[in-house]
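Not measured: the values here are computed from a predicted model. Chain naming here is simple, since letters A, B, ... match the order of the sequence lines and numbering starts at 1 in each.
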2 protein chains.
Amino acid sequence: MELSQAVTALSALAHEGRLRVFRELVQAGPDGLAAGEVSRRVDIQPNTLSASLAVLSHAGLVTSRRDGRSIIYSAAYERMSQVLGFLLRDCCNGSPEICAPIAAILNAAACCGGSSSPTGV
Amino acid sequence: MELSQAVTALSALAHEGRLRVFRELVQAGPDGLAAGEVSRRVDIQPNTLSASLAVLSHAGLVTSRRDGRSIIYSAAYERMSQVLGFLLRDCCNGSPEICAPIAAILNAAACCGGSSSPTGV
DNA sequence: TTTATAATTCATGTATCGTTGAATTATGGA
DNA sequence: TCCATAATTCAACGATACATGAATTATAAA
């Protein structure tokens with residue numbers, strides 16, 4: 001991932017409405033949600049939401065597919081992990097002990113990061 | 001971490017110059033760098049850099065201390081991990097298998113996340 | 001005290017972003 | 001075909017963010 005791509009993704013998330021939308025999709029899981037359903041859940045007008053989804057989509061953070069009259073949006077989990085990986089890259093250059101706690105917090109937040117041993121922190 | 005704090009942090013990082021500055025500090029380690037040294041390394045004018053560092057500082061992503069005529073800036077590793085954790089929270093609600101790859105990438109990026117077994121991915 | 005260095009603050013002009021109402025496109029059902 | 005629903009696009013106005021040059025504060029050395 002390049003710097004400009006990371007900036008685009010971070011910019012997309014650096015907005016209250018868009019961050020709420022993104023997290024709603026992240027929590028919704030891989031099946032995603034119709035735009036109208038997102039609009040109702042986060043209480044954002046359809047046209048405003050459409051602009052927000054366009055920004056997230058342009059940043060590669062969500063994908064979409066049509067289903068009848070609805071358009072279903074889903075979080076792009078892989079892209080999200082690339083962005084987070086970019087922020088962490090070389091984080092402990094020269095002093096590995098610094099970012100060990102970071103890895104621990106991330107393992108805890110990613111509820112399925114059970115591949116790491118809790119005691120190893 | 002609250003939504004508004006996350007937005008503030010993401011906004012601070014959603015800028016090419018500031019992101020370069022932040023990563024430079026992340027890679028520099030806990031000892032940090034003097035503002036002037038950062039200015040030289042990322043090739044940004046002192047006054048512009050000062051504004052960037054102020055934004056990062058306000059977002060809690062860097063800390064500073066005076067040393068003689070210099071002011072030393074350091075990355076706030078804990079804050080960074082809080083932000084990343086916020087983005088990941090509840091990411092696999094209902095389908096844990098989805099975010100397993102995310103945890104794997106993060107463990108790889110955080111070079112010291114060696115507590116997880118590579119084969120466990 | 002005077003001078004030089006390090007960094008910040010301030011004012012300003014420009015550019016970009018974000019929301020909204022109205023109009024438009026696309027699909028499904030009567 | 002005609003109508004209703006779902007979502008997007010467009011134009012426009014207001015607000016916010018950015019970079020820069022000049023001035024200011026803080027520290028150290030002569």
_Can a donor-acceptor pair be found, under 3.5 Å and without considering hydrogens, that links the side chain of B:Ser57 to the backbone of B:Thr63?_
no
_With a 4.5 Å cut-off on side-chain heavy atoms, are A:Leu13 and A:Arg18 touching?_
no
*Looking at the side chain of A:Arg18, which of C:dG18, C:dA26, C:dT8 is the nearest nucleotide?*
C:dG18
*Is the phosphate of D:dA19, meaning OP1 or OP2, less than 4.0 Å from a side-chain N or O of B:His15?*
yes
*Using a heavy-atom cut-off of under 4.0 Å over every strand shown, decide if A:Ala54 touches base, sugar-phosphate, or nothing.*
nothing
*Between atom CZ in B:Arg69 and atom C1' in D:dT27, what is the gap in whole Å?*
6 Å
_Without decimals, in angstroms, what is the distance between B:Asn47 CG and D:dA23 P?_
14 Å
*Could you tell me the separation between the CG atom of A:Leu13 and the P atom of C:dG18, rounded to a whole number of Å?*
12 Å
*Short side-chain to backbone donor-acceptor contact, B:Tyr77 and B:Val26, under 3.5 Å*: yes
*A:Leu49 has an atom CG; how far is it from atom P of D:dT8, in whole Å?*
7 Å
*asked:* Considering every strand and a 4.0 Å limit on heavy-atom distances, what is the contact class for B:Thr48: base, sugar-phosphate, or nothing?
replied: base
*Earlier contact from the 5' end, DNA chain C, for A:Gly17 and A:Asp67*: A:Gly17
*Counting side-chain heavy atoms from CB outward, which of D:dT9, C:dA6, D:dA19 is closest to B:Ser70?*
C:dA6
*Tell me whether the guanidinium CZ or amine NZ of B:Arg23 lies under 6.0 angstrom from the six-membered ring centre of A:Phe86 and within 45° of its axis.*
yes
*Whichever of A:Arg40 and B:Ser52 has its nearest DNA chain D nucleotide further upstream toward 5'*: A:Arg40
_Between C1' of C:dT8 and CD1 of B:Ile44, the distance in whole Å_ = 16 Å
_Pair A:Arg41 + A:Glu37, salt bridge at N-O below 4.0 Å_ = yes
*For atom CD1 of B:Ile72 and atom P of D:dT27, their distance in whole Å*: 14 Å
_Distance check needed: D:dA7 C1' versus A:Arg65 CZ, whole Å only._
16 Å
*For DNA chain D, whose closest nucleotide is more 5', that of B:Gln45 or that of B:Val55?*
B:Val55
*Separation of D:dA6 C1' from A:Arg66 CZ (nearest whole Å)*: 8 Å
*Contact under 4.0 Å: A:Tyr73 side-chain N or O vs D:dT8 OP1/OP2*: yes
